[in-house]
Amino acid sequence: MNKSLVLTTFAAIALFTSACDNKTTGFKQTETGLEYSIVRDSGNTKATLGDVVLVNLTYGIGDSMFFSTKQMGAPIPIPVSDPPFKGSFEEGLQLLGVGDSAAFQVSADSVYKNIFMTPLPGNFKPGQKFTFHVGVVSISNESKDIANFLKKNNITTKPQPSGLVYIQERPGTGAQALAGQKVRVHYTGMLMNGMKFDSSLDRKDPKTGKAEPFQFTLGARQVIPGWDEGIALMKVGEKGKLIIPSKLGYGPRGASDVIPPNATLIFEVELVGAE
């Protein structure tokens with residue numbers, strides 16, 4: 001489980017921990033010591049490193065439940081990463097595919113030692129284990145999705161080291177945009193499924209009837225990182241397309257109700273001015 005999720009969902013554990021003992025009857029064990037019980041195997045391809053699994057999740061100790069996505073009203077995305085310790089929750093995600101569900105038991109001692117870097121709280125019994133109940137709703141892999149999008153659309157442009165893809169569609173005749181400049185950009189933003197979520201062209205000046213470009217200071221973190229990096233590749237008058245991976249966009253939080261978590265963003269952009 002990524003650390004941000006762990007820190008959020010485990011924050012109140014000390015307040016709710018009971019003295020219930022764990023029962024591991026029916027659980028199998030991996031070579032690294034993770035205890036697991038597959039409740040449902042739908043036969044679908046299992047998650048691999050680099051994937052993001054969208055899951056319904058509950059966990060607790062014994063009869064005490066500390067967290068449930070049902071209380072949040074929606075499943076949560078969890079990146080499939082290298083396990084931070086032997087027998088950790090992350091290993092279990094690679095046993096599951098879409099439609100699968102399982103229970104995992106993870107040593108509370110190991111969680112506190114390797115994730116929180118603190119001793120086990122006094123209200124925990126030595127040997128107690130967190131029990132996670134997981135149901136996989138979907139699996140995605142942004143790098144593969146972007147590669148497939150490029151192939152499908154016959155785009156041969158290589159990604160930047162950051163993962164950003166910039167496709168020039170019309171060369172600029174003006175100066176290169178530089179950090180610290182006030183830049184003016186017309187844009188249309190879309191998700192990878194083609195759904196438009198915003199466009200400067202839709203906002204008309206009531207006096208002139210013309211669309212006003214969006215203005216910001218380049219490199220000042222006033223926009224998402226993919227914009228700061230992408231616009232800096234352009235010259236005034238240039239048009240192009242930015243394909244922005246989620247880590248350079250809105251990340252796991254998304255934005256409002258329009259941009260979902262871990263969404264790849266596509267922007268048609270035109271650099272109107274840089275001063």
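Within the 4.5 Å cutoff, no side-chain heavy atoms of I243 are placed close to those of Y166. Within the 4.5 Å cutoff, no side-chain heavy atoms of Y250 are placed close to those of N262. You'll find the side chain of V185 stays beyond 4.5 Å of the side chain of P213, heavy atoms only.
Taking the six-membered ring where tryptophan is involved, the planes of F214 and W227 are perpendicular, since the angle between them exceeds 60° and thus also 30°. Taking the six-membered ring where tryptophan is involved, the planes of F66 and Y59 are perpendicular, since the angle between them exceeds 60° and thus also 30°. Using cut-offs of 30° and 60° on the angle between ring planes, the pair F130 and F132 is perpendicular.
Put simply, the side chain of S42 never gets that close to the backbone of N44: no donor and acceptor are under 3.5 Å apart. The backbone N or O of S143 lies less than 3.5 Å from a partner atom in the side chain of N141, making a donor-acceptor pair. Judged by distance alone, with hydrogens and angles left aside, the side-chain atoms of E270 form no donor-acceptor pair with the main-chain N or O of Y187 at under 3.5 Å. In this structure a side-chain-to-backbone donor-acceptor pair under 3.5 Å is missing from N148 to D145. Judged by distance alone, with hydrogens and angles left aside, the side-chain atoms of N193 form a donor-acceptor pair with the main-chain N or O of M195 at under 3.5 Å. One N or O on the side chain of R170 and one on the backbone of G237 form a donor-acceptor pair closer than 3.5 Å.
The minimum heavy-atom distance linking A102 with L96 is given by the pair CB-CD2, 3.7 Å. Scanning all heavy atoms of the two residues, the minimum distance from K144 to T48 falls at NZ-OG1, 4.3 Å.
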Tell me which donor-acceptor pairs under 3.5 Å the side chains of residues 68-80 have, and how far apart each pair is, sequence neighbours excluded?
from : atom 1 : to  : atom 2 : distance (Å)
S68  : OG     : K70 : N      : 3.1
T69  : OG1    : L57 : N      : 3.0
T69  : OG1    : L57 : O      : 3.4

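No donor-acceptor contact under 3.5 angstrom links the side chains of K129 and S107, judged on distance only. With no hydrogens or angles considered, a side-chain donor-acceptor pair links S200 and H186 at under 3.5 Å. Side chains of T188 and E268: a donor-acceptor N/O pair is absent below 3.5 angstrom, by distance only. Using modelled atom types and a 3.5 Å distance limit, the side chains of T217 and Q181 yield no donor-acceptor pair. Inspection of the S162 and E229 side chains reveals an N or O donor paired with an N or O acceptor under 3.5 Å. With 3.5 Å as the limit, one finds a donor-acceptor pair spanning the side chains of S246 and E142.
With values rounded to the nearest 0.5 angstrom, I266 atom CD1 is found 14.5 Å from K196 atom NZ. The structure places OG1 of T157 at 10.0 Å from NZ of K241, a figure rounded to the nearest 0.5 Å. In this structure, CE in M65 is found 13.0 Å from OG1 in T131, a value given to the nearest 0.5 Å.
Partner Q105 forms a side-chain contact (heavy atoms from CB on, under 4.5 Å) with one of E35, Q128, Q29 and no other, that one being E35.
Between E275 and R184, at least one side-chain nitrogen of the basic residue sits less than 4.0 Å from a carboxylate oxygen of the acidic one, meeting the salt-bridge criterion.
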Dump the intermediate steps for ring-ring contact (aromatic ring centres under 6.0 Å, His included) on Y36 and F104, then the final yes or no.
-> CA-CA 4 Å; Y36 70 97; F104 302 105; 7.1 Å; no
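Residues F267 and F197 place their aromatic rings such that the two centres sit under 6.0 Å apart.
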